[in-house]
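Nothing here was measured: the structure is a model prediction, and the numbers come from that model. Naming: A, B, ... by sequence-line order, numbering from 1 per chain.
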Amino acid sequence: DAMVIQNPRYQVTQFGKPVTLSCSQTLNHNVMYWYQQKSSQAPKLLFHYYDKDFNNEADTPDNFQSRRPNTSFCFLDIRSPGLGDAAMYLCATSRERLETQYFGPGTRLLVL
Amino acid sequence: GENVEQHPSTLSVQEGDSAVIKCTYSDSASNYFPWYKQELGKGPQLIIDIRSNVGEKKDQRIAVTLNKTAKHFSLHITETQPEDSAVYFCAARLSSGSARQLTFGSGTQLTVLP
């Protein structure tokens, strides 16, 4: 009965080769978030969607893009991964912006 | 913007003892304070949260206290068990404006020794 699902759990890509990470939710929440978490650090918000409204954080590199084709799914696209983009990528959802965030299990990205 | 400091960064306790993790926040307009537990290789899991109109909240062995005047909040785990071993993150969120997102502390690695 997983509520926030991320696929794949592990992703290996080559330097510069585009990669897409997937998140889906069964909660029918309005807000979906993408975080980047590097080893031994706190999650760092990249961007979020409120319904179809995209909200980018000021310091998120242009290399990171996102798509939300419907309420249930949200994708993180990394156009040209660098070695510094190796991290755990976490998807989270909340019913409304000021409500509790629920995280998925994460996708660990390795860049070779 | 909001800034959250978390201490200690690592904490080891004997099984059965209590563990306390403390966080301070900078913006008095913050009104929501969740705690997340993250096990190795997994996503953060919400374990308890508190809003600024409440001073204390308990859920079985876990409690959170909030001191709005001093701008700090703490996580208390009693009767610790080995499965409590994980990284714990505190967070704070402002109540209004564009800065509605969570600001996380730097995390505490809790180890419960059997």
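Within 6.0 Å of CD in Q14(A) there are 12 or fewer heavy atoms belonging to other residues, nucleotides or ligands. In this structure, E15(B) places its CD atom where more than 12 heavy-atom neighbours from other residues, nucleotides or ligands lie under 6.0 Å away. With a 6.0 Å radius and a threshold of 12 heavy atoms from other residues, nucleotides or ligands, R95(A) has its CZ atom at or below the threshold. Residue-environment remark: CG (N70(A)) exceeds the threshold of 12 foreign heavy atoms within 6.0 Å.
Hydrophobic clustering (side-chain heavy atoms under 4.5 Å, transitive across Ile, Leu, Val, Met, Phe, Trp, Tyr) keeps F75(A) apart from M32(A). Tracing side-chain contacts under 4.5 Å through hydrophobic residues (I, L, V, M, F, W, Y), one never reaches I47(B) starting from M3(A); they form parts of separate clusters. Under a hydrophobic clustering in which Ile, Leu, Val, Met, Phe, Trp and Tyr are joined whenever their side-chain heavy atoms come within less than 4.5 Å, directly or via other members, V54(B) and Y25(B) fall into the same cluster. When hydrophobic clusters are built by joining Ile, Leu, Val, Met, Phe, Trp and Tyr residues whose side-chain heavy atoms come closer than 4.5 Å, directly or via intermediates, V12(A) is not grouped with I78(A). Note: the hydrophobic cluster containing Y49(A) also contains L46(A) (ILVMFWY, side chain heavy atoms under 4.5 Å, direct or indirect links).
Listed in order of number, the residues of residues 102-112 of chain A that approach chain B to under 4.5 Å between heavy atoms are F103(A), G104(A), P105(A).
Nearest heavy atoms, A42(A) versus F89(B): CA-CE2, 3.5 Å. In this structure, P44(B) and P43(A) approach most closely via the heavy-atom pair CG-CG, 4.5 Å.
With a 4.5 angstrom heavy-atom cutoff, E57(A) touches chain B only via side-chain atoms. For S94(A), no part sits under 4.5 Å from any heavy atom of chain B, backbone or side chain. In this structure, chain B has a heavy atom under 4.5 Å from the side chain of Y35(A), while its backbone stays farther away.
Between the side chains of Q37(A) and Q38(B), a donor-acceptor pair is found at a separation under 3.5 Å.
Considering CD of Q101(B) and NZ of K44(A), their distance stands at 12.5 Å, rounded to 0.5 Å. Distance check: D49(B) CG to T100(A) OG1 gives 4.5 Å after rounding to the nearest 0.5 Å.
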